[in-house]
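Just below is one structure, and these are the notes that go with it.
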Amino acid sequence: MNSNELMQLLQAVRDKKRDIHEVARELTQYSKQVEQLGFSTLDIQRESRKGFPEVIYGEGKTVPQLRSIMERLMVHHHTVFATRVSMKKAEELQKQLSSIQYDPTSRILYWQRKGQSNAQHAGTVAILCAGTSDLPVAEEAALSAELLNQQALRIYDVGVAGLHRLINRLPQIMTADVVVVVAGMEGALPSVMAGLIDKPVIAVPTSIGYGTSFHGVTALLSMLNSCSSGISVVNIDNGFGAAYQAALITKGIRDYQNRREVDDHESSSL
């Protein structure tokens with residue numbers, strides 16, 4: 001249960017639309033902080049603290065472990081997903097859980113309660129990638145953003161080798177609340193992007209490139225040493241981490257706007 005859902009419950013009690021004992025029973029089910037599976041300890045209260053439920057890191061987990069974790073999280077949340085899941089594991093899990101979906105490009109396995117995918121977006125995140133080879137990381141960021149209730153604006157293959165491709169898309173990019181920039185090789189695209197727009201830029205170095213790219217270390221160091229202000233940098237190939245940070249930023253914007261609306265309404269009622 002997130003803060004908005006809790007507020008709705010409390011307002012319903014205040015307005016005598018819900019019975020206080022019924023609501024108390026409903027809140028009791030959320031009092032448990034964790035759920036033990038033996039091999040895993042699920043943080044089932046994370047959504048109420050952070051705004052988003054726990055996300056599963058799929059690499060290294062067995063099919064039975066992934067199934068058990070997903071099934072338990074599905075009881076408590078509207079959206080459940082696992083990153084870095086191989087196609088082989090995904091095919092096995094889809095045989096056992098017919099309601100889950102898999103995206104082979106991003107390697108994300110996910111489930112959404114019926115109707116959840118139509119929920120209103122909390123914000124817009126533009127996902128830029130320098131080249132087509134960066135697509136797996138860019139799609140991990142884009143699909144993660146969507147599963148975190150964001151609108152993902154995909155703008156691909158706009159690297160600095162052909163700067164006109166990026167310039168032509170600037171009006172579209174400026175409509176986003178946050179911009180995630182995915183790039184390998186020398187990792188120059190985030191610096192260029194941050195110098196052109198007034199939005200937060202989250203840079204994602206990828207392991208794409210020839211020998212001296214050192215599997216993404218060159219791009220990582222370039223992004224950390226950017227001369228453009230307003231850039232934060234996540235780990236190499238960490239599209240999910242960038243999407244999560246972007247979602248927290250848009251959540252903060254929307255929470256602030258909601259508080260202002262409440263304050264303005266209360267002020268006008270005086």
Side-chain angles (χ1 to χ4, degrees), residues 1-38 40-57 67-83 97-101 108-125 143-152 176-178 200 240-241 243-270:
M1 178 178 293
N2 58 39
S3 58
N4 288 334
E5 290 171 332
L6 179 58
M7 285 293 294
Q8 289 172 5
L9 274 179
L10 294 176
Q11 287 170 356
V13 172
R14 182 197 63 189
D15 298 336
K16 298 182 179 179
K17 294 179 180 179
R18 293 286 302 273
D19 178 72
I20 189 170
H21 301 291
E22 178 189 341
V23 170
R25 285 193 297 271
E26 193 168 329
L27 290 173
T28 300
Q29 68 176 311
Y30 293 100
S31 62
K32 191 176 179 183
Q33 296 296 314
V34 297
E35 188 166 318
Q36 297 287 351
L37 297 181
S40 178
T41 303
L42 304 185
D43 182 2
I44 59 176
Q45 284 293 304
R46 187 173 299 188
E47 186 172 12
S48 64
R49 299 194 317 273
K50 303 264 300 174
F52 309 108
E54 185 171 18
V55 177
I56 308 159
Y57 181 69
R67 175 178 177 172
S68 295
I69 294 170
M70 290 196 77
E71 284 183 322
R72 293 313 304 158
L73 290 178
M74 286 161 68
V75 172
H76 299 284
H77 305 295
H78 298 293
T79 299
V80 177
F81 68 101
T83 63
L97 298 171
S98 60
S99 59
I100 61 175
Q101 300 181 64
I108 290 178
L109 187 75
Y110 63 100
W111 168 86
Q112 287 186 299
R113 199 179 302 280
K114 189 175 180 180
Q116 182 63 20
S117 58
N118 297 322
Q120 186 177 4
H121 295 119
T124 301
V125 180
L143 184 52
S144 293
E146 289 174 337
L147 293 169
L148 294 169
N149 198 31
Q150 310 298 306
Q151 180 180 9
D177 299 299
V178 188
F240 163 73
Y244 200 100
Q245 184 177 346
L248 286 173
I249 291 171
T250 66
K251 179 180 179 299
I253 294 170
R254 298 299 174 256
D255 287 348
Y256 172 76
Q257 291 174 338
N258 290 337
R259 288 195 299 270
R260 285 293 303 270
E261 288 176 5
V262 171
D263 291 344
D264 291 344
H265 177 72
E266 291 178 350
S267 297
S268 63
S269 300
L270 295 176

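In this text the structure is predicted, and so the values were computed from the model without any measurement.
The side-chain heavy atoms of Phe52 and Leu248, taken from C-beta on, include a pair separated by under 4.5 Å. Side-chain contact between Met74 and Ser99: present, with at least one pair of heavy atoms (C-beta onward) separated by less than 4.5 Å. For the pair Gln150 and Val178, the minimum side-chain heavy-atom distance is 4.5 Å or more. Under the 4.5 Å side-chain criterion, counting only non-hydrogen atoms from C-beta, Val55 is in contact with Phe240. The closest side-chain heavy-atom distance from Tyr110 to Leu143 is below 4.5 Å.
In terms of heavy-atom proximity, Ser144 sits nearest to Ala243 at CB-CB, 3.7 Å. Taking each heavy atom of Arg67 and Leu97 in turn, the nearest pair found is CG-CD1, 4.0 Å. Pairing each heavy atom of Gly51 with each of Lys251, the nearest pair is CA-CE, 3.6 Å. What you find for Gln36 and Thr41 is that their closest heavy atoms are OE1-OG1, 2.9 Å.
Between Ser40 atom OG and Ile56 atom CD1 the span is 8.5 Å, to the nearest 0.5 Å. Between Leu148 atom CG and Tyr244 atom OH the span is 7.0 Å, to the nearest 0.5 Å. To the nearest 0.5 Å, the span separating CG on Leu10 from CZ on Arg18 amounts to 11.0 Å. With values rounded to the nearest 0.5 angstrom, Arg113 atom CZ is found 10.0 Å from His77 atom NE2. Taken from CD in Gln151 to OG1 in Thr250, the straight-line distance is 11.5 Å, to the nearest 0.5 Å. Between the CD1 atom in Ile20 and the CZ atom in Arg14 there is a gap of 13.5 Å [rounded to 0.5 Å].
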- Step-by-step side-chain contact (heavy atoms from CB on, under 4.5 Å) determination, Leu109 to Met70: CA-CA 10 Å; Leu109 187 75; Met70 290 196 77; 3.6 Å; yes
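More than 12 heavy atoms of other residues, nucleotides or ligands shown are found within 6.0 angstrom of CG on Leu37.
Checked for salt-bridge contact, Arg254 and Asp177 meet the test: a charged N lies under 4.0 Å from a carboxylate O.
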